[in-house]
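Taking it in order: structure first as structure tokens, then the write-up.
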Amino acid sequence: MQTKPVLELSDLKIMAAAAEAEALKNNWPVTIAVVDDGGHLLWLQRLDGAAALSAHIAPAKANTAALGRRESKAYEDQINGGRSSFLSVPALSGMLEGGVPIMKDGHCLGAIGVSGVQSTEDAQIARAGIAALGLQ
């Protein structure tokens, strides 16, 4: 039987603080969501000024990244490339850039999803949160 690392509350706080700092540094009103490897919500933080809809989109992006173990942008790219059948993938609704998996030693620990600004900026915020744990 294998063992793998899991996210702890202290990890969530570190990632959320770093993601929030990145967003505030750039004056980006966003929602930040962190999910576990099964896509279950562990953390949701809606910054002042973030659109209400972003509180639904951020967890969906995180869920997609965790379940697919790849950035949610990969699905967006496939759909934009003409593979519209991906729109019917069950259980994935956040197929937009901004969901980034949290990987350690080949294991997916979960993902961060961000929504509220341009999708590349959402992903930048998510990566800043993951980098705070010393992960990429």
Side-chain angles (χ1 to χ4, degrees):
M1 183 175 294
Q2 296 184 9
T3 59
K4 70 173 199 169
V6 295
L7 295 172
E8 297 179 340
L9 181 58
S10 60
D11 300 323
L12 302 176
K13 290 178 179 180
I14 290 167
M15 288 187 296
E20 178 183 2
E22 182 69 17
L24 293 176
K25 175 179 81 173
N26 292 289
N27 295 312
W28 292 336
V30 298
T31 295
I32 301 159
V34 183
V35 300
D36 66 13
D37 61 337
H40 304 98
L41 187 62
L42 299 174
W43 187 278
L44 183 69
Q45 182 174 351
R46 184 173 157 203
L47 302 184
D48 293 340
L53 184 59
S54 68
H56 293 276
I57 296 172
K61 289 179 178 183
N63 179 279
T64 294
L67 293 179
R69 289 163 169 61
R70 67 184 73 184
E71 290 200 26
S72 55
K73 181 182 186 320
Y75 296 102
E76 181 179 12
D77 289 345
Q78 288 183 359
I79 293 164
N80 289 341
R83 193 151 185 220
S84 58
S85 62
F86 260 94
L87 292 170
S88 67
V89 172
L92 298 183
S93 61
M95 293 186 278
L96 302 165
E97 184 175 7
V100 181
I102 304 163
M103 304 296 293
K104 180 177 173 70
D105 301 329
H107 296 283
C108 181
L109 310 182
I112 298 181
V114 179
S115 179
V117 288
Q118 296 295 315
S119 59
T120 55
E121 297 163 347
D122 290 341
Q124 177 182 328
I125 295 166
R127 286 188 196 99
I130 295 168
L133 289 183
L135 303 172
Q136 294 184 27

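Keep in mind it's a predicted model, so treat the numbers as computed, not measured.
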### Query
About how many Å separate CH2 of W28 and CD of Q124, when rounded to the nearest 0.5 Å?
4.0 Å

#### Entry: Heavy-atom donor-acceptor pair, N63 side chain to G39 backbone, under 3.5 Å
yes

### Query
Do V89 and L87 have side chains that get closer than 4.5 Å, going by heavy atoms?
no

### Task
Say whether V6 and I130 are linked into one hydrophobic cluster, either directly or through other cluster members, by side-chain heavy-atom distances under 4.5 angstrom.
no

### Message
Can you give me the closest heavy-atom contact between I125 and A23, atom names plus distance?
### Response
CD1-CB, 3.9 Å

### Query
So, for A126 and G98, which heavy atoms are closest and what is the spacing to 0.1 Å?
CB-O, 4.1 Å

### Task
Check the hydrophobic clustering (I, L, V, M, F, W, Y; side-chain heavy atoms under 4.5 Å; chains of links allowed) and say if L92 and V100 are grouped together.
no

### Task
Report the distance from atom OG of S72 to atom NZ of K61, rounding to the nearest 0.5 Å.
6.5 Å

### Task
Looking only at non-hydrogen atoms, find the nearest pair between G129 and M15 and report the distance.
O-CG, 3.1 Å

### Sub-4.5 Å side-chain heavy-atom contact between V34 and L7
yes

### Neighbour count above 12 (heavy atom, 6.0 Å) for R83 CZ
no

### Query
From D77 CG over to E71 CD, what is the distance, rounded to the nearest 0.5 angstrom?
10.0 Å

### Query
Checking D11 side chain against E8 main chain: does a donor-acceptor pair fall under 3.5 Å?
yes

### Query
Does L42 share a hydrophobic cluster with M103, counting links as ILVMFWY side-chain heavy atoms below 4.5 Å and allowing steps through other members?
no

### Task
Please round to the nearest 0.5 Å and tell me the distance separating atom OG of S54 and atom CG of L44.
8.5 Å

### Task
Decide, yes or no, whether a salt bridge links E76 with K73 under the criterion of side-chain N to carboxylate O below 4.0 Å.
no

### Task
Could you check if a side-chain atom of T64 sits within less than 4.5 angstrom of a side-chain atom of L67, using non-hydrogen atoms only?
no

### Summary
Correct closest heavy-atom pair for D37 and R69 would be O-NH1, 3.9 Å

### Query
If you group Ile, Leu, Val, Met, Phe, Trp and Tyr by side-chain heavy-atom gaps below 4.5 Å, do I102 and V35 land in one group?
no

### Task
Identify the two heavy atoms, one from A66 and one from G110, that lie closest to each other, and give their separation to 0.1 Å.
CB-C, 4.0 Å

### Message
T120 vs E97, test: side-chain contact (heavy atoms from CB on, under 4.5 Å). Steps then yes/no.
### Response
CA-CA 7 Å; T120 55; E97 184 175 7; 3.6 Å; yes

### Query
After noting the C-alpha distance and the side-chain angles of V114 and T31, does the key distance pass the side-chain contact (heavy atoms from CB on, under 4.5 Å) rule?
CA-CA 6 Å; V114 179; T31 295; over 6 Å; no

### Query
Distance-only, no hydrogens or angles: does the R46 side chain make a donor-acceptor pair with backbone N or O of A50 under 3.5 Å?
yes

### Task
Following the transitive rule for hydrophobic clusters with a side-chain heavy-atom cut-off under 4.5 Å over Ile, Leu, Val, Met, Phe, Trp and Tyr, establish whether W43 and L41 coincide in one cluster.
no

### Query
For A18 and A128, which heavy atoms make the closest approach, and how far apart are they?
CB-O, 3.6 Å

### Euclidean distance, E22 CD relative to I32 CD1, rounded to 0.5 Å
10.0 Å

#### Entry: K4, NZ atom: more than 12 neighbouring heavy atoms under 6.0 Å
yes

### Task
Mark yes or no for whether D122, through its side chain, and V117, through its backbone, hold a donor-acceptor pair below 3.5 Å.
yes

### Check: Y75 main-chain N/O paired with Q78 side-chain donor or acceptor under 3.5 Å
no

### Message
To the nearest 0.5 Å, what is the distance between CD on E20 and CG on L47?
### Response
5.5 Å

